[in-house]
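Let me begin by presenting the structure, written as structure tokens, before commenting on it.
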Amino acid sequence: MKHILLACALILAFMNSVIAKDEPGDYNEIDNSIIIDRISNDDVTVTIPSPVFSFREAEVKIKFHNPEHTKLLLNKNKVEFLVNGEPMLLDFANGEASFKHNFKNSNIISIYCEDLSYSNKVTVYPLWAILIPLAVILLYILKRLFLK
């Protein structure tokens, strides 16, 4: 008797699985392998050297905290940023990229990409700020030499 009940239960279970239909759109699963993270402020660090001079380009560095960010993997380590309104395609190596920026006309730099929004006001030193102290020191030394 037990064997007959067990056989009936197995047959019913088999029939239920065969008869059940897959309804399209009935899936609640998400394939995580195709989710691409957007670049945000939490993903990158922007580094600007100090001091910055108006007569020389500064090297601005962008570094991903995760060098295997899905956006980097998808785009073969190339990501386009807007730097002060100009599109710039950066090639990343080990999650790091850099570019040269001239602060001659403006001391503000803004970098945008998807959810990343970076803006910074940089202290820019002009050429005369270096030459005048050097000239004063040179004049002082010359004065001391000639007055002896």
Side-chain angles (χ1 to χ4, degrees), residues 9-148:
L10 288 174
I11 290 173
L12 283 174
F14 176 74
M15 293 298 283
N16 190 24
S17 66
V18 170
I19 295 173
K21 294 181 181 177
D22 279 343
E23 296 289 328
D26 223 15
Y27 297 104
N28 290 330
E29 295 179 29
I30 297 174
D31 185 2
N32 290 331
S33 66
I34 60 171
I35 293 177
I36 300 166
D37 292 331
R38 293 179 58 83
I39 299 171
S40 69
N41 289 4
D42 297 332
D43 296 324
V44 297
T45 300
V46 179
T47 307
I48 300 172
S50 181
V52 174
F53 301 105
S54 64
F55 56 89
R56 197 173 85 187
E57 290 183 329
E59 184 176 13
V60 179
K61 294 180 183 180
I62 299 177
K63 180 180 179 182
F64 275 85
H65 299 283
N66 177 11
E68 295 187 7
H69 191 276
T70 53
K71 189 62 82 168
L72 289 175
L73 296 176
L74 178 71
N75 294 329
K76 298 178 181 153
N77 292 325
K78 295 184 183 199
V79 179
E80 186 174 40
F81 289 86
L82 280 177
V83 179
N84 287 357
E86 301 283 328
M88 183 177 293
L89 185 65
L90 297 179
D91 192 13
F92 285 83
N94 295 324
E96 296 182 31
S98 65
F99 62 93
K100 301 279 186 182
H101 184 72
N102 193 336
F103 288 94
K104 182 185 265 186
N105 298 329
S106 174
N107 63 344
I108 296 175
I109 185 167
S110 60
I111 301 172
Y112 299 104
C113 179
E114 295 178 349
D115 294 338
L116 169 71
S117 174
Y118 176 83
S119 184
N120 192 6
K121 188 173 183 177
V122 180
T123 302
V124 180
Y125 299 101
L127 182 59
W128 61 264
I130 296 170
L131 293 179
I132 289 179
L134 289 175
V136 168
I137 292 170
L138 184 63
L139 286 173
Y140 177 75
I141 292 172
L142 290 174
K143 179 182 171 189
R144 297 285 292 174
L145 285 175
F146 290 123
L147 291 178
K148 273 190 167 183

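- When all heavy atoms of Asp91 and Asn77 are compared, the closest pair comes out as OD1-O, 3.2 Å.
- By the side-chain contact (heavy atoms from CB on, under 4.5 Å) test, Leu142 pairs with Leu138, Phe146, sequence neighbours left out.
- We find the CE-CG distance between Met88 and Leu82 to be 10.0 Å, quoted to the nearest 0.5 Å.
- Checked against side chain to side chain donor-acceptor pair (under 3.5 Å), Thr47 has no partners two or more places apart in sequence or in another chain.
- The aromatic rings of Phe92 and Phe64 lie perpendicular to each other, with more than 60° between the two planes, well past the 30° mark.
- Using a 4.5 Å heavy-atom cutoff, the side chains of Phe99 and Ile111 are in contact.
- Taking Glu114 as the reference, Arg38, Ile39, Lys71 meet the side-chain contact (heavy atoms from CB on, under 4.5 Å) condition, with sequence neighbours excluded.
- Checked against salt bridge (charged side-chain N to carboxylate O under 4.0 Å, His left out), Glu80 has no partners two or more places apart in sequence or in another chain.
- Lys121 meets the side-chain contact (heavy atoms from CB on, under 4.5 Å) test with Asn107, Ile108; sequence neighbours excluded.
- Under the rule for a side chain to side chain donor-acceptor pair (under 3.5 Å), the partners of Asn120 that lie at least two apart in sequence or sit in another chain are Tyr118.
- Using a 4.5 Å heavy-atom cutoff, the side chains of Val79 and Leu90 are not in contact.
- For the ring pair (Phe, Tyr, Trp, His ring centres under 6.0 Å) test, no residue two or more places apart in sequence or in another chain qualifies with Tyr112.
- Taking Asn84 as the reference, His101, Ile109, Ser110 meet the side-chain contact (heavy atoms from CB on, under 4.5 Å) condition, with sequence neighbours excluded.
- Partners of Glu59 according to the side chain to side chain donor-acceptor pair (under 3.5 Å) rule, which considers only residues two or more places apart in sequence or in another chain, are Ser98.
- Asp43 meets the side chain to side chain donor-acceptor pair (under 3.5 Å) test with Ser40, His69; sequence neighbours excluded.
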